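Working notes, beginning with the structure itself.
All values below come from the heavy atoms of this structure, side chains included, with hydrogens, waters and symmetry mates left out. Source: prediction; values computed, not measured. Below, read A as the first sequence line, B as the second, and so on, with proteins coming before strands; counting in each chain starts at 1.
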Number of protein chains: 2
Amino acid sequence: MPVTAVLTSEEATGLLRGAGLRVTRQRVATLRALAVHRHATVDDIVTSLRDELPKVSFQAVYLVVADLLAAGLVSRLDLPGQASRYELERRDNHHHVMCTGCGRVEDVPCAVGAAPCLHPSDTHDMDIAVADVLFRGLCRDCRQRSAL
Amino acid sequence: MPVTAVLTSEEATGLLRGAGLRVTRQRVATLRALAVHRHATVDDIVTSLRDELPKVSFQAVYLVVADLLAAGLVSRLDLPGQASRYELERRDNHHHVMCTGCGRVEDVPCAVGAAPCLHPSDTHDMDIAVADVLFRGLCRDCRQRSAL
DNA sequence: CCGTTTTCTTGATCTATTCAAAACAAAGGT
DNA sequence: ACCTTTGTTTTGAATAGATCAAGAAAACGG
């Protein structure tokens, strides 16, 4: 279990400035929300922000995450049958496991060495930048439930 | 360039029977369409089927692919920002490359040996069944276009 | 060929996301 | 501090992909 990470407003501000982005309440709050709630959907983020910014709109959060994504501060995680999720960019090339039963998502550190699977045998003349790996399986709870 | 694969109606019928599914015009036609047009969306499939079955509905194709998926005859490919794509299940554990410029998708034979990336270091107590790998990069055309 | 069961059609609905235009807020210069 | 410019957010509507529900039609075993 990861200790709940905290990102101060000052740290979030620094990240935004460093990326050449204006510092707004919505952006700071979004970064801070993502530090705590990893793999958050836009809906999750809006919910987190309501305390601090009661009238924040979905549209605003969609724009914020799009900007943060373009700036490389967050990355997007697209899972089958779910809304897109966002996470703070950690530059550690980690992957994800998803339970096909309950949809739970967890991080997986890069398996062996630096970047497995980063060198496909035939790239169809494409210049590969990233490899996203998604492991799918059943978590313990769902296994027990289906064994009944 | 892969030679256009063809699946006869008889072969498609055999696949359906083998999976314990009823043989319908829509299912046979969908399997045949997928043999030719790999990575087809539901929309692509409906378009392919219009010649043979002018009044086929989207709903029918959604149901057909869901049944074929449940039977293990096809697999689904979910790419960021695109409608789901379907392909005949080949049981060869291949992966995909996608051009982030134009969205083109190609198959990639499994890189090294049998199943790389199938053994994450920490599975969070999940029983891993499959690993989907998506390589993202720029194809030659998009590279040239962006170099202008 | 008939009846049962499954599948397909029709038409409505939902959810995630995007578009467009006006209201507002951040940052730089005076 | 204030004003201006520019970029961001709100508001409200629109879109696309996918799903739900109920009746009509087709498959297949007897």
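Side-chain contact between Leu15(A) and Leu7(A) is present, with at least one heavy-atom pair separated by less than 4.5 Å.
Bracketed by its first and final contacts, the part of DNA chain D lying under 4.0 Å from non-hydrogen atoms of chain A reaches from dT6(D) to dG12(D) in 5' to 3' order. Once you apply a 4.0 Å limit to the heavy atoms of chain B, the touched nucleotides of DNA chain C run 5' to 3' over dT5(C) to dG11(C).
Here the shortest heavy-atom pairing between Ala131(A) and His95(A) reads O-CE1, 3.5 Å. In terms of heavy atoms, Ser48(A) sits closest to Ala33(A) at CB-CB, 3.9 Å.
Within the model, atoms CE of Met98(A) and CG of Leu134(A) stand 7.0 Å from one another, a figure rounded to the nearest 0.5 Å. Distance check: Glu106(A) CD to Cys99(A) SG gives 10.5 Å after rounding to the nearest 0.5 Å. Rounded to the nearest 0.5 Å, atoms CG (Asp132(A)) and CZ (Arg76(A)) are 11.0 Å apart. The OH atom of Tyr86(B) sits 11.0 Å away from atom OG1 of Thr30(B), with the distance rounded to the nearest 0.5 Å. Taking CD1 of Ile45(A) as the start and CD of Gln26(A) as the end, the distance is 12.5 Å to the nearest 0.5 Å. We find the CD-CG distance between Glu89(A) and Leu73(A) to be 9.0 Å, quoted to the nearest 0.5 Å.
Pairs passing the side chain to side chain donor-acceptor pair (under 3.5 Å) check and including a residue from residues 12-24 of chain B, sequence neighbours excluded, do not occur.
Looking at residues 42-55 of chain B, you'll see that no heavy atom sits under 4.0 Å from any atom of DNA chain D. Taking a 4.0 Å limit (strictly below) on heavy-atom distances, residues 7-31 of chain A reaches DNA chain D at Arg22(A), Thr24(A), Gln26(A), Arg27(A). Near DNA chain D, defined here as any heavy-atom distance below 4.0 Å, the residues from residues 80-89 of chain B are Ala83(B), Ser84(B), listed numerically. Looking at residues 62-72 of chain A, you'll see Leu63(A), Val64(A) sit with a heavy atom under 4.0 Å from some atom of DNA chain D.
Other residues, nucleotides and ligands place no more than 12 heavy atoms under 6.0 Å from the CZ atom of Arg25(A).
Qualifying side-chain contact (heavy atoms from CB on, under 4.5 Å) partners for Asp44(A), counting only residues two or more places apart in sequence or in other chains: His37(A), Ala40(A), Thr41(A), Arg85(A). Residues meeting the side-chain hydrogen bond (donor to acceptor under 3.5 Å, both in side chains) test with Glu11(B), sequence neighbours left out: Thr8(B). Checked against side-chain hydrogen bond (donor to acceptor under 3.5 Å, both in side chains), Asp125(A) has the following partners two or more places apart in sequence or in another chain: Arg140(B). Under the side-chain hydrogen bond (donor to acceptor under 3.5 Å, both in side chains) criterion, Glu87(B) pairs with His39(B), His94(B), His96(B), sequence neighbours left out.
Met126(A) pairs in a side chain to side chain contact (heavy atoms under 4.5 Å, CB included) with only one of the listed residues (Leu138(B), Val108(B), Val97(B)), which is Val97(B).
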Got a list of side-chain donor-acceptor pairs under 3.5 Å for residues 53-65 of chain B, not counting sequence neighbours?
| residue | atom | partner | partner atom | Å |
| --- | --- | --- | --- | --- |
| Ser57(B) | OG | Ala60(B) | N | 3.1 |

